[in-house]
Enquirer: 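Sharing a structure with you now.
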Number of protein chains: 2
Amino acid sequence: MNIADQTFPAVDSANEDRAQAIRDQLRDAIVDRRLAPGTKLSEGEVGTLFDVSRTVARAALQMLSFEGLVRTERNRGAFVANPSPEEARQVFASRRLIEPGIAIAAAGRMTPDHVAAFKAQLDEEGRFIAERGPNARRSEIKASGDFHLLLASVAGNTILQRFMEELVARSSLVIALYGRSGVSSCGHSEHMNILEALENGDSERASALMLHHIDHIEADLDLRVRSGPALRQALEF
Amino acid sequence: MNIADQTFPAVDSANEDRAQAIRDQLRDAIVDRRLAPGTKLSEGEVGTLFDVSRTVARAALQMLSFEGLVRTERNRGAFVANPSPEEARQVFASRRLIEPGIAIAAAGRMTPDHVAAFKAQLDEEGRFIAERGPNARRSEIKASGDFHLLLASVAGNTILQRFMEELVARSSLVIALYGRSGVSSCGHSEHMNILEALENGDSERASALMLHHIDHIEADLDLRVRSGPALRQALEF
DNA sequence: CCGGAAAAGATTGCATACGATTTTTGCGAC
DNA sequence: GTCGCAAAAATCGTATGCAATCTTTTCCGG
């Protein structure tokens, strides 16, 4: 064993899959609404933008399509997903089914470290809500999602964690599309209440609060079909 | 409008993505245990086997890796997943969380057509159990999984349906790896009881039965680490 | 001026090529 | 015999090229 055997983590992460890095950046852009739903993501464009070949760009787009953030049409290309109200309802139905259980699991595994991480997360969330800049709303949505992702990671089930990553990403899209007002400030206090229940190990309460929280988020959406799907689709492209 | 404008559906389905077709065949092979866990799936081999280029084979393998049926290591290749006992537990924990809810949703949407489909499914399941051939067990596992997939499709939530497809596929792998005996005959009667509850619209009972059913399946597994992971791994390759 | 067909251009699907990395093989030293 | 090391083979990661398909433009008859 020699000191030279060590590999620097920085090197490793730099050497990490480029497709994955591109996927992450694109996902952030989609969730943050910097890329509007319906936007075409051509392989060539993505490739030149990130300075890779179409092969790599294509792999990144394929990943996003698996996550439901991108819709690909054969021989036509990839587009930022434009979830329908029905799809939005399914996203939240899925979350209502999964997240209360995740809250219960997490309540039984909370450590002081976890509590500290949650407090830091909620602090940041509060800061974004206080801000009133142009992209404050974006940061708000993202931070709110991060709370749920943190919870999923505490729950300790890798599979459910991945499901939640997908659901949170799709939720962000849906909220950006159909969100009405600032439920967020309200959501922030709900997050704090959930954390309180988690800290006390009160899994039942955490679960119930989570269910209501999801209901509140969905209740803030306007999921009425705007003007008939045909017209909407016609105007979209 | 001309009769020549029609495109034949058969042509369309034949023209479907080849990568997807390869993925489906590989998935079947993995779930059926025709491909043992740990088996290397080299891009070149898969490509020549299905008579496509590595590009397409690679895409199929990438999809399977997203589903958790294949594990890929950079610069080393793709291998049939070899789920650890911990992973197996997580699969069933996820199912316990999701499937009772799916049963409730399905109970509220059952139509006579659905009932007929379930009956046909259970008939086939019974036939496979009666058979005592060499690969009867495989068919049994597969048919049992199909029951759960049918239920998920009735529930009417596309997102949850896809989650269930992944969970059922991984369960089949886990059962093949860690399964002890024939819980299956027992499982068959449980499936019939669940269907009965669904027919009666008794969602609570269907949900409870489903939860017990999953518990029974998991209880039939032997999830003790066999002889230390190091040795096991050493023997595996 | 307005369809509608045909050609030009753009984009995807797929195969192949080449450098990089890993694994296997061969061979000499101990 | 086996241990270590270097060369060879195999395999992966990625770029690029070509055919197929879709989109846009152009051009022409009405």
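Reminder, nothing fancy here: chain letters follow the sequence lines and each chain counts from 1.
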Enquirer: Quick one: is B:R76 getting a side-chain N or O under 4.0 Å of the C:dT21 phosphate, OP1 or OP2?
Expert: no
Enquirer: Students often get this wrong, so: under 4.0 angstrom with heavy atoms, is B:S42 touching a base, only sugar-phosphate, or nothing?
Expert: sugar-phosphate
Enquirer: To the side chain of A:V52, which of D:dA15, C:dT12, C:dA17 is closest?
Expert: D:dA15
Enquirer: Under 4.0 Å: is that the gap between some side-chain N or O of B:S53 and OP1 or OP2 of C:dA15?
Expert: yes
Enquirer: Go through D:dT16, C:dA15, D:dT11 for me and flag the one nearest to the B:K40 side chain.
Expert: D:dT11
Enquirer: Taking only Lys NZ, Arg NE, NH1 and NH2, and the carboxylate oxygens of Asp or Glu, determine whether A:D17 and B:R74 approach each other closer than 4.0 Å.
Expert: yes
Enquirer: Nearest to the side chain of A:R54, heavy atoms from C-beta on, is which of D:dT11, C:dT12, D:dA15?
Expert: C:dT12
Enquirer: Rounded to the nearest angstrom, tell me the gap between atom CD in A:E73 and atom P in C:dG13.
Expert: 11 Å
Enquirer: Just compare C:dA15, D:dT14, D:dT11 and give me whichever is closest to any side-chain atom of B:V56.
Expert: C:dA15
Enquirer: Nearest 0.5 angstrom please: A:Q25 CD to A:L49 CG, how far?
Expert: 8.5 Å
Enquirer: Which pair of heavy atoms, one from A:S139 and one from A:F128, lies closest together, and at what distance?
Expert: CB-CD2, 3.2 Å
Enquirer: From C:dG13, C:dT11, D:dA15, pick the nucleotide closest to the side chain of A:E43?
Expert: C:dG13
Enquirer: A:L61 CG to C:dT11 C1': how many Å, rounded?
Expert: 13 Å
Enquirer: Between side-chain atoms of residues 50-57 of chain B and protein atoms elsewhere (two or more places apart, or another chain), which donor-acceptor pairs fall under 3.5 Å?
Expert:
{"unit_1": "B:S53", "atom_1": "OG", "unit_2": "B:T55", "atom_2": "N", "d": "3.2"}
{"unit_1": "B:R54", "atom_1": "NE", "unit_2": "B:E43", "atom_2": "OE1", "d": "3.1"}
{"unit_1": "B:R54", "atom_1": "NH2", "unit_2": "B:E43", "atom_2": "OE1", "d": "3.1"}

Enquirer: Measure the distance from CD1 on A:I22 to C1' on D:dT14 and round it to the nearest whole Å.
Expert: 12 Å
Enquirer: Would you say B:R18 places a side-chain N or O within less than 4.0 Å of OP1 or OP2 belonging to C:dC14?
Expert: yes
Enquirer: Which residue lies toward the 5' end of DNA chain D, A:D51 or A:N75, if each is placed at its nearest nucleotide?
Expert: A:D51
Enquirer: Does A:R58 make a side-chain N or O approach to OP1 or OP2 of C:dG13 shorter than 4.0 Å?
Expert: yes
Enquirer: In whole angstrom, give the distance that lies between atom CZ of A:F79 and atom C1' of C:dT12.
Expert: 11 Å
Enquirer: How many angstroms lie between atom CG of B:L173 and atom OH of B:Y178, to the nearest 0.5 angstrom?
Expert: 10.0 Å
